[in-house]
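Naming convention: chains lettered A, B, ... in sequence-line order (proteins, then strands); numbering from 1 in each chain.
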2 protein chains.
Amino acid sequence: MEEKKMSEEKKTVRAAERALDILLCFVSQPHLGLTEIAKQTQLNKSTVFRLLATLESKGFIKRDPETDKYQLGFRIWELAANIDQSHDPAILFLPEMESLRDELEETVSLYIRDGNERIRVQAVESKQAIRRVAPIGARMPLAVGASSKVLMAYTDPKVLEQVIQDPMWPMGVNKEVYQAQLKQIREEGYAISVEEREAGTAAVAVPIFNRRKQLIAALAVSGPVSRMSVQQMMQFVPNLVKAAEQMSKKIS
Amino acid sequence: MEEKKMSEEKKTVRAAERALDILLCFVSQPHLGLTEIAKQTQLNKSTVFRLLATLESKGFIKRDPETDKYQLGFRIWELAANIDQSHDPAILFLPEMESLRDELEETVSLYIRDGNERIRVQAVESKQAIRRVAPIGARMPLAVGASSKVLMAYTDPKVLEQVIQDPMWPMGVNKEVYQAQLKQIREEGYAISVEEREAGTAAVAVPIFNRRKQLIAALAVSGPVSRMSVQQMMQFVPNLVKAAEQMSKKIS
DNA sequence: TTTAATGTTTCATAGTATGAAACTCTGTTC
DNA sequence: GAACAGAGTTTCATACTATGAAACATTAAA
């Protein structure tokens, strides 16, 4: 008799979930042994063994004949090569992002929401010596930062309910205050953050919509607080908005 | 009461297998609906629905907000970016392959065995107007072609047993004759095929070994039969062998 | 208003996935 | 060279998960 977990909504398949978890172990380390994987995923060795056999039989992983360790297989390539890039903001918007970077001389990033996280799917860095460094592919909580707020402002409110549970959620910020902020962002069309997620860094972000006015991504300019006063960032807004509009037109 | 399938050796996890099958649907088509996937994989709609939910929750696929269809997600990128390339023949051997192409002026391909198939993991095409076109990533049966024979010659004989079941297996070629061919290939160190797999095309292939004399891949030169007489191909062999030896040294 | 074609949910049941433990194999330590 | 440690592999009874049929919801076409 298990306790009934609250608001647990899962219609997912456990075995498949675990197989995918195993695959994800390889994002940080390219070579892994069975026992290592079992430890990381908290799964029984037998379970890992069978799932590895499954993944191997389908070509998603292979064993290095030298070391006998497991590594990612060719099927991953095959899939990656077939990702539809014609709608992929990360590729589509690169030219506009580069123009914007050249105009403002600060790092420009593109974020999308993925569940209760955001992902930096594209970035072009400022050419200045002191600059915001922005690794592509990085995942961050959806709780704080200018881009997070933009993404939240145009996202189903029930996501907010979940995000509030996030350990990154800033203590003391209550829902009503935050919702008021989101409302303001919707009215003004941009969000600003100063040292919210990372010390020394400030950012200003705007939404990118498709033709149907659905949110696609958040476009952000970020840099050191020394160069990014609130006043300065507000001067950036028109450039950001213009770029976002151009991007919108590119989306089918 | 099911009939006992003969020599069925599976210690794989069905649910995981099915999830991966679903992923593989996307290699040919980038956008797919649930029903389409169910049809292709021969799975029940409910099953597909749940597995799709699982794949989506882990970020392996996402839904296009426009069309509501499914497509591959960001996690695939993430994984692909982390494939260990330092041991990957496809990248490691490219320089040698280019040199060989320039020497022989014909298309050079690199194949590895994957189960009962071979995959063209790398290729550099001839610069001539009439040339063998060789898409990277293509999968072909392990039954016919010079590269297949090379791969088979140095592979566990029980793979041959399975390959003989392959519908591509040339009728009339019996096992003993084929095994004698493989023996000859092991003695001479190369294999030749003329219009075996594809009309108008001939090829000559050699094995690439690692330091422990284990087979890594097959290196092949292919072109139109008009330029690739058996005599001509035999003159290519020393170049191929030399390239293969250089490649062997590159493997740790 | 039908009809058809999606995607989604429910539910009883079959049978699969599971973990503990036993076992093998290789290499290390004393 | 015996004992040990650590990897990977196999076995097996059992619990519980994954499953498919069918009903349902939603939207688009006729």
Side-chain angles (χ1 to χ4, degrees), chain A residues 1-5 7-23 25-26 29-58 60-71 73 156 158 212 214, chain B residues 1-5 7-23 25-26 29 31-58 60-71 73 156 212 214:
Chain A
M1 301 293 154
E2 291 254 336
E3 274 281 297
K4 196 176 284 179
K5 297 276 178 63
S7 73
E8 187 101 33
E9 34 149 348
K10 59 164 180 180
K11 353 174 174 199
T12 66
V13 178
R14 195 180 58 166
E17 218 166 13
R18 290 173 163 186
L20 300 177
D21 282 335
I22 288 177
L23 271 184
C25 288
F26 292 91
Q29 301 118 310
H31 300 265
L32 285 170
L34 187 149
T35 314
E36 259 172 308
I37 296 171
K39 211 173 293 170
Q40 278 191 36
T41 54
Q42 308 257 45
L43 294 172
N44 186 292
K45 277 204 299 177
S46 310
T47 306
V48 174
F49 179 70
R50 273 175 269 119
L51 289 172
L52 281 173
T54 309
L55 288 163
E56 192 179 8
S57 77
K58 293 285 173 190
F60 283 78
I61 59 170
K62 61 170 186 170
R63 305 190 73 160
D64 186 333
E66 312 279 329
T67 64
D68 247 37
K69 297 222 167 188
Y70 293 92
Q71 54 187 159
D156 191 335
K158 72 185 178 197
R212 299 178 191 180
Q214 294 166 318
Chain B
M1 304 287 158
E2 291 253 338
E3 276 279 298
K4 196 176 284 179
K5 296 276 178 65
S7 73
E8 187 101 36
E9 35 151 347
K10 56 164 183 179
K11 355 180 168 193
T12 65
V13 178
R14 194 178 59 165
E17 218 167 14
R18 290 172 164 188
L20 299 177
D21 282 336
I22 288 177
L23 270 185
C25 289
F26 292 91
Q29 302 118 308
H31 299 264
L32 286 170
L34 187 150
T35 315
E36 260 171 310
I37 296 171
K39 213 173 291 169
Q40 279 191 37
T41 53
Q42 308 256 46
L43 294 173
N44 186 294
K45 278 202 300 176
S46 308
T47 305
V48 174
F49 179 71
R50 272 176 270 119
L51 290 172
L52 281 172
T54 309
L55 288 164
E56 193 179 7
S57 77
K58 295 285 174 188
F60 283 77
I61 58 169
K62 60 168 186 170
R63 307 190 72 162
D64 185 334
E66 310 280 326
T67 64
D68 247 35
K69 296 223 166 188
Y70 293 93
Q71 54 187 159
D156 191 335
R212 300 178 190 180
Q214 294 167 316

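- Toward the 5' end of DNA chain D, the nearer of the two residues A:R14 and A:N44, judged by each one's closest nucleotide, is A:N44.
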Item to complete: Verify side chain to side chain contact (heavy atoms under 4.5 Å, CB included) between A:L32 and A:Q40, making sure each step is shown before the conclusion.
Response: CA-CA 10 Å; A:L32 285 170; A:Q40 278 191 36; 3.9 Å; yes
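- Using a distance-only test at 3.5 Å, with no hydrogens or angles considered, a donor-acceptor pair links the side chain of B:T41 to the main chain of B:I37.
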Worksheet item: Where do B:R50 and A:T12 land on the side chain to side chain contact (heavy atoms under 4.5 Å, CB included) test, with the steps shown first?
Response: CA-CA 5 Å; B:R50 272 176 270 119; A:T12 66; over 6 Å; no
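- Checked by atom type and distance alone, the side chain of B:R63 never pairs as donor or acceptor with a backbone atom of B:K69 at under 3.5 Å.
- Interface remark: the A:R63 side chain does not form any donor-acceptor pair with the D:dG8 base, using a distance-only criterion of under 3.5 Å.
- The CG-C1' distance, from B:L43 to C:dG7, rounds to 16 Å in whole Å.
- Between A:L51 atom CG and C:dT18 atom C1' the separation is 10 Å, expressed in whole Å.
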Worksheet item: Do B:T54 and B:F60 pass the side chain to side chain contact (heavy atoms under 4.5 Å, CB included) test, and can you show the C-alpha distance, the side-chain angles, and the key distance before you say yes or no?
Response: CA-CA 9 Å; B:T54 309; B:F60 283 77; over 6 Å; no
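- For D:dT9, the base has no donor-acceptor partner in the side chain of A:S46 [N/O atoms by modelled type, under 3.5 angstrom].
- When every heavy atom of B:A16 is checked against every heavy atom of A:A15, the shortest pair comes out as CB-O, 4.2 Å.
- Checking side-chain atoms of B:Q29 against main-chain N and O of B:F26 turns up no donor-acceptor pair under 3.5 Å.
- Rounded to an integer number of Å, the gap from A:L34 CG to D:dA7 P is 10 Å.
- Spacing between atom CD of B:E17 and atom P of D:dT17 amounts to 21 Å, rounded to whole angstrom units.
- Using a 4.0 Å cut-off, some side-chain N or O of A:K11 falls inside it from OP1 or OP2 of C:dT9.
- Comparing A:T47 and B:T35 by the nucleotide of DNA chain C that holds the closest heavy atom to each, the one mapping nearer the 5' end is B:T35.
- In the interface, the side chain of A:K45 is not paired with the base of C:dG19 through any donor and acceptor atom under 3.5 Å apart.
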Under 3.5 Å, which N/O atoms of the protein pair with N/O atoms of nucleotides 25-30 of chain D?
none

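- Straight-line distance from the CZ atom of B:F49 to the C1' atom of C:dT9: 8 Å, rounded to whole Å.
- Remark: B:L52 CG to B:S57 OG distance equals 11.0 Å, nearest 0.5 Å.
- Regarding B:I37, its CD1 atom lies at a distance of 13 Å from the P atom of C:dT6, rounded to whole Å.
- For the atom pair CD of A:Q42 and OG1 of A:T47, the computed distance is 12.5 Å after rounding to the nearest 0.5 Å.
- A donor-acceptor contact under 3.5 Å links the side chain of A:R50 to the base of C:dG19.
- For the pair A:D68 CG and D:dT9 P, the computed distance is 7 Å after rounding to whole Å.
- Between B:L52 atom CG and D:dA18 atom C1' the separation is 15 Å, expressed in whole Å.
- The two residues A:Q71 and A:P30 have their closest heavy-atom pair at CB-O, 3.4 Å.
- Inter-axis angle, ends of the helix from C:dT1-D:dA30 to C:dC30-D:dG1, five pairs per end, rounded to 10 degrees: 40°.
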